[in-house]
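Encoded as structure tokens, the structure appears first; notes follow it.
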Amino acid sequence: MVLSNNDGCIIARSEESKALGIKMGEPFYQVKDMLERNGVAVFSSNYNLYGDMSRRVMSLLSTYTPKLDIYSIDEAFLDLSGMGNADTLTNYCKSMVKDITKGTGIPISLGIAPTKTLAKMASKFAKKYRGYEGVCLIDSDEKREKALRLFPIEDVWGIGRRHAKKLAYHGIHTAWDLTQRSESWIRRELTVTGVHTWKELMGESCISIEELPHKKSICTSRSFPGIGLDRLRDVEEAVANFAASCSRKLREAHTACSSITVFAYTSRFRMDVPQHCIYRSVNFTVPTNDIREIISAAVKILQEDWKEGFHYKKAGVIVWNICEDRAIQSNLFDCINRAKQSALAKAVDEVNRKNGHDTIRMAVQGYGENWKLRNEYVSKQYTTNIRDVIIAKAK
DNA sequence: TCTGGGGTCCTAGGACCC
DNA sequence: TCTGGGGTCCTAGGACCC
């Protein structure tokens with residue numbers, strides 16, 4: 001079983017722990033004793049490991065198609081159009097499954113279909129039934145209807161808990177039931193996104209395969225351990241680090257932002273203590289990804305809106321209005337020497353790339369441990385930290 | 001005491017324009 | 001008694017995803 005950041009919630013479970021009745025998203029502390037009694041292995045999140053393994057899998061996938069659309073850390077869409085008939089495709093995909101298992105040890109499931117929504121459905125069948133050997137193909141109306149009839153509405157991509165409940169009320173329990181309604185009914189009840197899902201289930205592709213040009217917003221946020229932080233200095237340090245992380249993510253993606261939002265709030269679970277919420281945005285005159293500009297804007301918002309007497313439980317920084325860093329609209333009244341700024345940033349990034357994040361940092365980022373995450377059960381960074389590499393002993 | 005983090009898209013409603 | 005019609009842009013909030 002794997003925990004969220006701060007060892008807060010349960011976010012991944014093996015089949016065995018599911019069988020114990022552990023629910024997704026359940027707070028860890030509420031079931032901790034029960035888990036210990038049952039000998040459940042518990043792990044903190046280890047994003048360095050997951051991120052690195054994901055990159056390896058994606059890199060192998062990219063050798064199978066010119067058009068790879070990485071959807072999340074563990075999912076990708078591959079464009080296989082024009083790559084042969086049903087048999088050829090199935091065999092091609094079975095060799096993909098074997099290669100990736102061999103290359104990374106990660107088991108994968110593949111669904112092949114005319115639309116993304118159907119492909120996701122097919123991949124669930126591929127995972128569920130061993131007979132498929134990891135690959136399930138939906139290439140005819142008969143197969144599609146059979147699959148739709150077997151598929152619960154709440155598992156359809158794009159149908160969340162709220163919509164599933166509403167649809168159940170209207171007697172819609174499977175993906176097939178949904179396709180039997182009229183477009184106007186779907187439009188009224190589920191808006192245009194629902195219409196896209198509805199069309200995709202019927203085999204008409206509405207969600208294309210493409211690499212996103214760049215993100216529209218980037219957020220770094222954390223919950224603080226215990227009752228939270230009540231000193232400005234501590235929250236300031238955290239916010240400065242969140243801002244630094246946003247600026248780094250912008251630079252890595254070769255982008256810059258025009259707006260920044262800072263937020264900090266007290267615990268929404270504590271009804272017995274006074275609540276407060278800081279949430280404010282400002283714009284930059286010229287789009288930027290500079291660590292000093294972004295940190296100072298973030299810290300300024302926090303200082304100006306800070307209210308004493310509260311325990312802040314969570315804070316974060318969001319940067320948005322993002323553009324590519326080579327297409328920045330300059331401003332007549334800009335008084336920053338941009339060339340100098342970017343030369344310095346480049347030098348700092350180079351040092352940090354070799355020596356680790358934040359080797360060179362802003363003073364306000366500090367070294368305080370007051371806001372650091374709890375991760376008591378973290379596994380090793382087997383693939384990204386030389387000290388954690390597995391040692392094979394020859395006997 | 002303890003309750004995650006990071007995204008996208010759509011809509012309604014308010015503010016504004018002529 | 002009676003108070004138009006047609007737009008754009010922005011934001012908050014809600015839905016969804018992993």
Side-chain angles (χ1 to χ4, degrees), chain A residues 1-12 23-33 35 42-47 50-51 54 58 69-77 116-117 120 123-124 153-167 186-197 200 206-208 210 212-228 238 242 245-246 249-250 253 258-259 261 263 265-273 277 279-281 283 311 313-322 371 373-378:
Chain A
M1 213 193 62
V2 180
L3 302 176
S4 66
N5 261 338
N6 251 334
D7 293 345
C9 294
I10 291 155
I11 55 164
K23 288 192 279 296
M24 173 74 180
E26 207 167 10
F28 175 49
Y29 77 93
Q30 289 176 359
V31 288
K32 198 172 172 183
D33 294 343
L35 297 174
V42 176
F43 293 95
S44 303
S45 301
N46 184 344
Y47 294 107
Y50 311 153
S54 172
M58 298 307 173
D69 176 354
I70 299 174
Y71 176 63
S72 72
I73 196 162
D74 69 344
E75 273 181 297
F77 293 99
K116 280 185 166 180
T117 310
K120 293 252 303 178
S123 78
K124 291 208 179 176
I153 190 70
E154 64 270 22
D155 293 344
V156 172
W157 189 38
I159 304 294
R161 233 185 340 192
R162 297 297 271 266
H163 284 336
K165 205 173 159 192
K166 185 191 229 174
L167 292 171
I186 302 284
R187 176 75 179 78
R188 193 174 67 238
E189 300 294 331
L190 307 179
T191 79
V192 296
T193 40
V195 173
H196 290 157
T197 301
E200 286 244 324
C206 293
I207 308 169
S208 60
E210 56 193 333
L212 262 181
H214 55 70
K215 285 194 176 137
K216 295 186 170 176
S217 69
I218 293 172
C219 173
T220 306
S221 73
R222 293 290 178 272
S223 292
F224 303 126
I227 55 167
F242 302 155
S245 149
C246 287
K249 290 174 190 170
L250 283 168
S258 301
S259 305
T261 302
F263 62 87
Y265 48 79
T266 48
S267 173
R268 64 184 198 279
F269 298 105
R270 295 286 302 271
M271 297 305 163
D272 53 328
V273 293
C277 173
Y279 186 98
R280 189 154 63 88
S281 310
N283 299 323
H311 282 94
K313 185 62 188 162
K314 181 169 178 168
V317 172
I318 307 166
V319 292
W320 44 290
N321 270 339
I322 292 174
W371 57 277
L373 293 182
R374 195 164 52 199
N375 58 344
E376 225 174 293
Y377 315 96
V378 74

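All of these numbers come straight from a predicted model, not from anything done at the bench.
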For the side chain of [X], counting heavy atoms from C-beta on, which of [options] is nearest?
X: A:Arg222; options: B:dG5, B:dC10, B:dT3; value: B:dG5
X: A:Tyr29; options: C:dC16, B:dC2, B:dG7; value: B:dC2
X: A:Ile227; options: B:dT1, B:dG4, B:dT3; value: B:dT1
X: A:Ser72; options: B:dG4, C:dC18, B:dC9; value: C:dC18

Review point. Taking the six-membered ring for Trp, does A:Phe28 stack with B:dT3 (centroid gap under 5.5 Å, planes within less than 30°)?
Key: no
Practice item. Return yes if some donor-acceptor pair links the side-chain N/O of A:Lys313 with the main-chain N/O of A:Tyr265 below 3.5 Å, else return no. Key: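 No, because the side chain of A:Lys313 does not come within donor-acceptor range (under 3.5 Å) of the backbone of A:Tyr265.
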Review point. Can you tell me if A:Asp7 uses its side chain to pair, donor with acceptor, with the backbone of A:Glu376 under 3.5 Å?
Key: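 Yes, the answer is positive, given that a donor and an acceptor are paired below the 3.5 Å cut-off.
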Have a look at [X] and say if it touches a base, only the backbone sugar-phosphate, or nothing, with a 4.0 Å heavy-atom cut-off.
X: A:Lys313; result: sugar-phosphate
X: A:Tyr71; result: sugar-phosphate
X: A:Asp74; result: sugar-phosphate
X: A:Ile218; result: sugar-phosphate
X: A:Leu190; result: nothing
X: A:Glu75; result: sugar-phosphate
X: A:Lys120; result: sugar-phosphate
X: A:Ser45; result: nothing
X: A:Val156; result: sugar-phosphate
X: A:Ser267; result: nothing

Output the rounded distance in Å from [atom1] ([X]) to [atom2] ([N]).
X: A:Ile11; N: C:dC17; atom1: CD1; atom2: C1'; result: 15 Å
X: A:Lys216; N: C:dC17; atom1: NZ; atom2: C1'; result: 15 Å
X: A:Asn321; N: C:dC10; atom1: CG; atom2: C1'; result: 11 Å
X: A:His163; N: B:dC10; atom1: NE2; atom2: P; result: 12 Å
X: A:Glu200; N: B:dC9; atom1: CD; atom2: P; result: 15 Å
X: A:Phe263; N: B:dG7; atom1: CZ; atom2: C1'; result: 13 Å
X: A:Arg161; N: C:dC18; atom1: CZ; atom2: P; result: 13 Å
X: A:Glu26; N: B:dT3; atom1: CD; atom2: C1'; result: 11 Å

**Study point:** Residue whose nearest DNA chain B nucleotide is more 5′ - A:Ser217 or A:Gln30
**Key:**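 Checking each residue's closest nucleotide, the 5'-ward one belongs to A:Gln30.
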Exercise for review: Find which nucleotide of DNA chain B each of A:Arg374 and A:Ser223 is nearest to by heavy atoms, and output the residue with the more 5' nucleotide.
Suggested key: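 Taking each residue's closest nucleotide, the earlier one in sequence belongs to A:Arg374.
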Point to revise | NZ/NE/NH1/NH2 to OD/OE distance under 4.0 Å, A:Glu154 and A:Lys165 | key: no
Check your understanding: Does a salt bridge link A:Glu200 with A:Lys116, judged by any charged N lying under 4.0 Å from a carboxylate O?
Key ->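 The answer is no: the pair does not qualify as a salt bridge.
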Establish, with yes or no, whether the OP1 or OP2 oxygen of [N] is under 4.0 angstrom from a side-chain nitrogen or oxygen of [X].
X: A:Lys314; N: B:dG5; result: yes
X: A:Ser221; N: B:dG6; result: yes
X: A:Lys166; N: C:dA15; result: no
X: A:Lys215; N: B:dG7; result: yes

**Study point:** salt bridge (Lys or Arg N to Asp or Glu O under 4.0 Å) partners of A:Arg162, counting only residues at least two apart
**Key:**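 Applying salt bridge (Lys or Arg N to Asp or Glu O under 4.0 Å) to A:Arg162 gives none.
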Restricting to side chain to side chain contact (heavy atoms under 4.5 Å, CB included), what partner residues turn up for [X], sequence neighbours left out?
X: A:Lys249; value: A:Ile218, A:Thr220, A:Ser245
X: A:Lys124; value: A:Phe151, A:Asp155
X: A:Arg268; value: none

Listed pairs, N/O of protein and of nucleotides 11-13 of chain C, under 3.5 Å:
none

**Study point:** Option from A:Asn6, A:Asn375, A:Asn5 for which side chain to side chain contact (heavy atoms under 4.5 Å, CB included) with A:Ser44 holds
**Key:** A:Asn375
Review point. Any stems for DNA chain B, made of 3 or more Watson-Crick or G-U pairs in a row, each with both distances under 3.5 Å?
Key: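 Looking at DNA chain B, the stems formed by three or more consecutive pairs are B:5-18 with C:5-18.
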Point to revise | Span that lies between the P atom of B:dT3 and that of C:dC18, in whole angstrom | key: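 After rounding to an integer number of Å, I get 25 Å for this pair.
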Among all residues two or more places apart in sequence or in another chain, which pass the ring pair (Phe, Tyr, Trp, His ring centres under 6.0 Å) test with [X]?
X: A:Tyr50; result: A:Tyr47
X: A:Tyr279; result: none
X: A:Phe242; result: A:Trp371

